[in-house]
Amino acid sequence: MCGIIGYTGRKEAEEIMLDALEVLEYRGYDSAGIAVCGPDGSVRIRKCAGRVKDLRSLCEGDGVKGACGIGHTRWATHGGVSDGNAHPHKFGKVTVIHNGIIENYKSLIGKYGLEGELQSQTDSEVAAAVLSHFYNGDPYAAIRKTVLKLKGTFAFGILFDDIPGTIFAVRNVSPIVIAKTGEGSMMASDVTVLGQYSKDYFVLPEFHVGVLKADGTELYDMAG
Ligand code: GLU
């Protein structure tokens, strides 16, 4: 198991996500990381093997400002425990956190010509690369086409460089709960994190797209 968190709203995302990742530590993990979408739209990533407190130290020295972000505690299944294999993974305009296992990641590497293009050994970065392959400005189409190609289990939090302030979520088996709070929208692996912010939450149905914006949440089926 691992933990995922996402926040978009009016507050600084970094602090909210670091606190949330600490709450999720009980799920077990070996690495931690966050990606924050800055006011200029650029996505910046901080991640490392080790504990959430190591990530916090990294951020204290070199933090990431912005009110929208995704965070992850990793339990390595594909690729060793290293800074580079920690999530989030960015490929092209797409930044991803992933909980689960993409069983057919090797065949996807061949099918989409990703040999030599990847920076990590994870199955998760392959999913980011496939999303990037299909992304041409329509996030729903890219997500729909990608999940149809994936075999395995997944809970994804996704940022697109050119859609700042918005988090997309999709899942199969692995859990995602989405909440509307007074200060923005949040997603997480379980309600233990969200309870302190909101009582207004729902479990994202499998193969649906959850959209988190500062002023609310939206839910789409795969047909849009
Ligand atoms: N399979 C992915 C990896 O090894 C995600 C593992 C997880 O759920 O933390 O990076």
Side-chain angles (χ1 to χ4, degrees), residues 1-7 17-18 20-35 43 45-56 58 69-92 94-112 114-115 117-133 143 146-147 149-159 167-178 187-194 203-204 206-207 210:
M1 281 209 302
C2 76
I4 63 177
I5 181 75
Y7 170 80
M17 291 194 294
L18 290 171
L21 291 177
E22 268 165 10
V23 176
L24 292 170
E25 282 188 303
Y26 80 92
R27 296 170 67 89
Y29 70 106
D30 51 55
S31 323
I34 58 170
V43 172
I45 294 174
R46 300 287 181 269
K47 59 184 188 176
C48 60
R51 315 301 298 171
V52 176
K53 70 173 169 43
D54 300 318
L55 176 64
R56 198 182 276 281
L58 196 65
I70 50 177
H72 188 265
T73 46
R74 177 180 187 232
W75 183 291
T77 65
H78 292 69
V81 177
S82 67
D83 294 349
N85 285 340
H87 300 211
H89 294 288
K90 187 169 196 321
F91 197 103
V94 180
T95 306
V96 158
I97 50 172
H98 168 227
N99 169 210
I101 293 174
I102 307 301
E103 288 161 12
N104 61 334
Y105 77 104
K106 281 193 180 145
S107 73
L108 294 172
I109 289 174
K111 185 170 176 141
Y112 294 102
L114 298 172
E115 205 74 61
E117 301 294 317
L118 301 165
Q119 317 231 333
S120 77
Q121 286 78 51
T122 64
D123 52 334
S124 311
E125 191 190 1
V126 175
V130 175
L131 266 168
S132 172
H133 170 85
I143 291 169
T146 300
V147 299
K149 302 289 180 197
L150 303 180
K151 290 194 171 54
T153 59
F154 49 83
F156 289 117
I158 307 162
L159 299 175
I167 302 168
F168 294 84
V170 66
R171 76 179 193 94
N172 176 39
V173 181
S174 307
I176 293 180
V177 184
I178 294 177
M187 61 181 269
S189 307
D190 64 48
V191 287
T192 55
V193 181
L194 302 178
V203 175
L204 178 64
E206 289 179 334
F207 293 100

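These numbers come from the heavy atoms of this one structure, side chains and all, not from hydrogens, waters or symmetry mates. One-based numbering, in listed order, for ligands and for the atoms of each.
Ligand 1 places these atoms under 4.0 Å from at least one heavy atom of His72: 9 (O). The ligand atoms of ligand 1 that sit less than 4.0 angstrom from a heavy atom of Cys2 are 7 (C), 8 (O), 9 (O). The contact set between ligand 1 and His78, taken as ligand atoms under 4.0 Å from a residue heavy atom, comprises 4 (O).
Residues forming a ring-ring contact (aromatic ring centres under 6.0 Å, His included) with Tyr105 (at least two apart in sequence, or on another chain): His78.
When only interatomic distances are considered, the shortest N/O to N/O separation between Asn85 and ligand 1 does not fall below 3.5 Å. Inclusion of Thr122 in the set of residues having an N or O under 3.5 Å from an N or O of ligand 1 is not warranted.
Other residues, nucleotides and ligands contribute more than 12 heavy atoms inside 6.0 Å of the CD atom of Glu25.
The main-chain N or O of Val173 is found under 3.5 Å from a side-chain atom of Arg171 such that the two form a donor-acceptor pair. Looking only at distances, a side-chain donor or acceptor of Lys90 sits under 3.5 Å from a matching main-chain atom of Gly92.
Proximity of Gly79 to ligand 1 is not established, as no heavy-atom distance is less than 4.0 Å.
At a 4.0 Å heavy-atom cut-off, ligand 1 touches Asp123 through the side chain alone.
Nearest-residue assignment for atom 7 (C) of ligand 1 (options Trp75, Tyr105, Tyr29, Phe154; heavy-atom criterion): Trp75.
Aromatic ring pairs are classed by plane angle as parallel below 30°, tilted from 30° to 60° and perpendicular above 60°; the pair Phe207 and Phe154 is perpendicular.
Of all the heavy atoms in Lys151 and Asn104, the pair that sits closest is N-OD1, 3.0 Å.
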